[in-house]
Amino acid sequence: HLASHGYVIVSADHTGNARQTILDGKLILYQRDQRTNSAEDRVPDMVFLLDRMLAWNRGADSRFSGHLDAAAVAAAGMSFGSFTTVRVVDREPRFKASIPMSGIGLTHTNLTIPTLPMLGTKDRTLGPKGNELIRAYWERHQGPAFLLELPNGGHYSFTDIFKLHPQFGDGAGEVFTPMEDTYRIINAYSTAFLGVYLKNEPGYRGFLEKNHWPEILIWKPKNHRPATSSGSRGAPRPLRSGRCGAGFRRRIAHRVQRPLEPTGRRGIHRRGCVDTGGHALLDGVFAAAQGMGESVRACRAAYADHGRRT
C-alpha cells in the first residue's frame, strides 16, 4: 500500500529470528535460542538497511540513484519489530517518524519524533500489561503522537496472517474486527501520518484530527498542529518538475479524505503503481521516493495494456 503512495520499502529478515533467511547462499532457519541475540542485532540490522538505501540513492544501485529523499525516512514494525522500531529511532536520528504496532519497549528516549503506535485491546500475546506499556508510551511522548487502538482487535490484527489462516485467532477470525476494516483504518491513518510528517503535505492534516471509524476505533491525537481552513480541504502541494505528476498526488489526497480501500483492491491498482501485497511490516525502513516519474508512467502503461483505468 505505501509503495503505491510513493514510498520505497525495505524489510529485514533477521538472521536466526525469521522463519527462513538466506545468508551467503546458506539457508538459516528460525532458532528460538537466538531471540536474545536477535534483540541486540535487530537495531544494527535496521541501521544497515538505512545505510544501504542511502548508498543506493548516491549511485550504488541505478534503479534508486537520486530517487530517494534521504531526509524523509521512517521506521515501522510489528510485535518484536515494534520493539525494534522504538529502539532504532532512539539510537538513529536519521529516522524522522515511526509506526510501532502491537509492541513496545520498557523505555524510550526519543520523546519528540512523530509516532503512530497501534494496539488491539484484546491482544492475548501482549496481554493487558503489554497494552498498558503502549498507552504509557503514547502518554509520555512529547512530540506529535497518535494512538490507534482497535477495541475488538488482537495482536495479529496488524498482520496478513488471516490470508494463511482465517481463524488464526488473537486478531484474526470471526470474533474480531474484519480484516477489510482493519486494512482501511491502518492504511488510511498510516498514509496520512507519513504524508504530514515525512512529506510535509498539509492536505493530510485534517484527516488526522478526526476519528473516521468511531464505532470500531479509538483514535487519540496529541501535539498535532491543526490543519488550516485551506489545508484541511486541499490536496498536497504540487510536485516539482521531474517528480510524479501533481494530478497523481491529487487523486491520493482526495482518496485519503475518505476511507481508503484495502491493499490489493482495485483502488490501489487504478492509481497505476506497485502494490506491496500487505499492510504491515515485521520491521522495515521506508523512504519517500522522488523523481520516479518514469516508473509511474511505466506502471500506467502496463495497466493500460490490460484495459485498466490509470
Side-chain angles (χ1 to χ4, degrees), residues 1-2 4-7 72 74-76 82 85 89 95-102 104 108 110-121 131 134-153 157-158 177 180-239 246 249-263 267 279-280 286 288:
H1 175 77
L2 291 177
S4 75
H5 284 263
Y7 297 93
S82 181
T85 296
V89 301
F95 289 104
K96 304 304 181 184
S98 68
I99 305 179
M101 298 172 278
S102 294
I104 218 73
H108 75 293
N110 189 340
L111 302 178
T112 58
I113 187 172
T115 187
L116 172 56
M118 304 183 187
L119 70 144
T121 307
N131 277 343
I134 298 174
R135 297 186 188 102
Y137 165 87
W138 175 82
E139 290 280 359
R140 184 171 177 241
H141 210 72
Q142 299 172 8
F146 304 84
L147 185 69
L148 188 159
E149 181 169 351
L150 296 172
N152 200 34
S157 294
F158 306 93
T177 301
E180 290 80 4
D181 291 331
T182 65
Y183 268 21
R184 293 187 180 98
I185 292 168
I186 295 167
N187 287 348
Y189 280 113
S190 296
T191 303
F193 170 76
L194 295 171
V196 171
Y197 292 104
L198 278 194
K199 294 185 176 182
N200 194 29
E201 293 180 338
Y204 291 112
R205 283 191 177 274
F207 188 88
L208 290 175
E209 294 167 13
K210 300 176 183 178
N211 185 344
H212 299 271
W213 292 270
E215 299 85 1
I216 57 175
L217 174 68
I218 297 171
W219 175 250
K220 294 183 178 181
K222 74 171 190 175
N223 304 330
H224 170 66
R225 181 165 60 85
T228 62
S229 58
S230 59
S232 63
R233 291 172 54 85
R237 65 178 184 271
L239 298 174
R249 283 294 182 87
R250 280 194 292 271
R251 288 196 295 278
I252 293 174
H254 295 324
R255 186 173 295 277
V256 81
Q257 297 300 330
R258 62 182 184 272
L260 290 181
E261 297 178 9
T263 300
H279 73 290
F286 44 97

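- Here NE2 of His5 is found 10.0 Å from OG of Ser190. Values are rounded to the nearest 0.5 Å.
- Atom CD1 of Ile99 and atom CG of Leu2 lie 6.5 Å apart (nearest 0.5 Å).
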### Task
Go through the steps for Leu150 and Met118 under the test side-chain contact (heavy atoms from CB on, under 4.5 Å), then give the verdict.
CA-CA 8 Å; Leu150 296 172; Met118 304 183 187; over 6 Å; no
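- Using a 4.5 Å heavy-atom threshold, the side chains of Ile216 and Thr182 count as separate.
- Contact detail for Phe158 and Gly120: the closest heavy-atom pair is CE1-N, 3.7 Å.
- Listed by chain and number, the residues in a side chain to side chain contact (heavy atoms under 4.5 Å, CB included) with Arg140 are His108, Leu111 (sequence neighbours excluded).
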### Task
Let me see the working for Leu217 and Leu148 under side-chain contact (heavy atoms from CB on, under 4.5 Å), right down to the final yes or no.
CA-CA 7 Å; Leu217 174 68; Leu148 188 159; 3.8 Å; yes
### Message
side chain to side chain donor-acceptor pair (under 3.5 Å), that's the test. Do His224 and Tyr197 meet it? Break it down for me.
### Response
CA-CA 10 Å; His224 170 66; Tyr197 292 104; 2.7 Å; yes
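- The number of heavy-atom neighbours closer than 6.0 Å to NZ of Lys222, taken from other residues, nucleotides and ligands shown, is above 12.
- Nearest heavy atoms, Ala188 versus Trp213: CB-CH2, 3.8 Å.
- Interatomic distance, OG1 of Thr191 versus CD1 of Ile186, reported as 11.0 Å (0.5 Å rounding).
- Expressed to the nearest 0.5 Å, how far CD1 of Ile185 lies from OG1 of Thr177 amounts to 7.0 Å.
- A salt bridge links Glu149 with Arg135: at least one charged nitrogen is closer than 4.0 Å to a carboxylate oxygen.
- Atom NZ in Lys96 sits 13.5 Å away from atom CG in Asn200 (nearest 0.5 Å).
- Tyr137 has its side chain within reach of Pro100: a pair of non-hydrogen atoms, C-beta onward, lies under 4.5 Å apart.
- Without hydrogens or angle criteria, Asn223 side chain to Gln142 main chain gives a donor-acceptor distance under 3.5 Å.
- By the 4.5 Å heavy-atom criterion applied to side chains, His141 and Ile113 are counted as neighbours.
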### Task
Check step by step if side-chain contact (heavy atoms from CB on, under 4.5 Å) holds for Lys199 and Tyr204.
CA-CA 10 Å; Lys199 294 185 176 182; Tyr204 291 112; over 6 Å; no
### Message
Using side-chain contact (heavy atoms from CB on, under 4.5 Å), reason through Trp219 and Leu208 one step at a time and then give a plain yes or no.
### Response
CA-CA 9 Å; Trp219 175 250; Leu208 290 175; 4.0 Å; yes
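- Every residue meeting the side chain to side chain contact (heavy atoms under 4.5 Å, CB included) condition with Thr112, not counting sequence neighbours, appears here in chain and number order: Asn110.
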### Query
Between Thr115 and Ser98, is a side chain to side chain donor-acceptor pair (under 3.5 Å) present by the stated rule, with each step listed?
CA-CA 5 Å; Thr115 187; Ser98 68; 3.0 Å; yes
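- Inter-residue side-chain proximity for Tyr189 and Asn211 is flagged as met; some heavy-atom pair is nearer than 4.5 Å.
- Of all heavy-atom pairs spanning Thr85 and Ala75, the tightest one is CG2-O, 3.5 Å.
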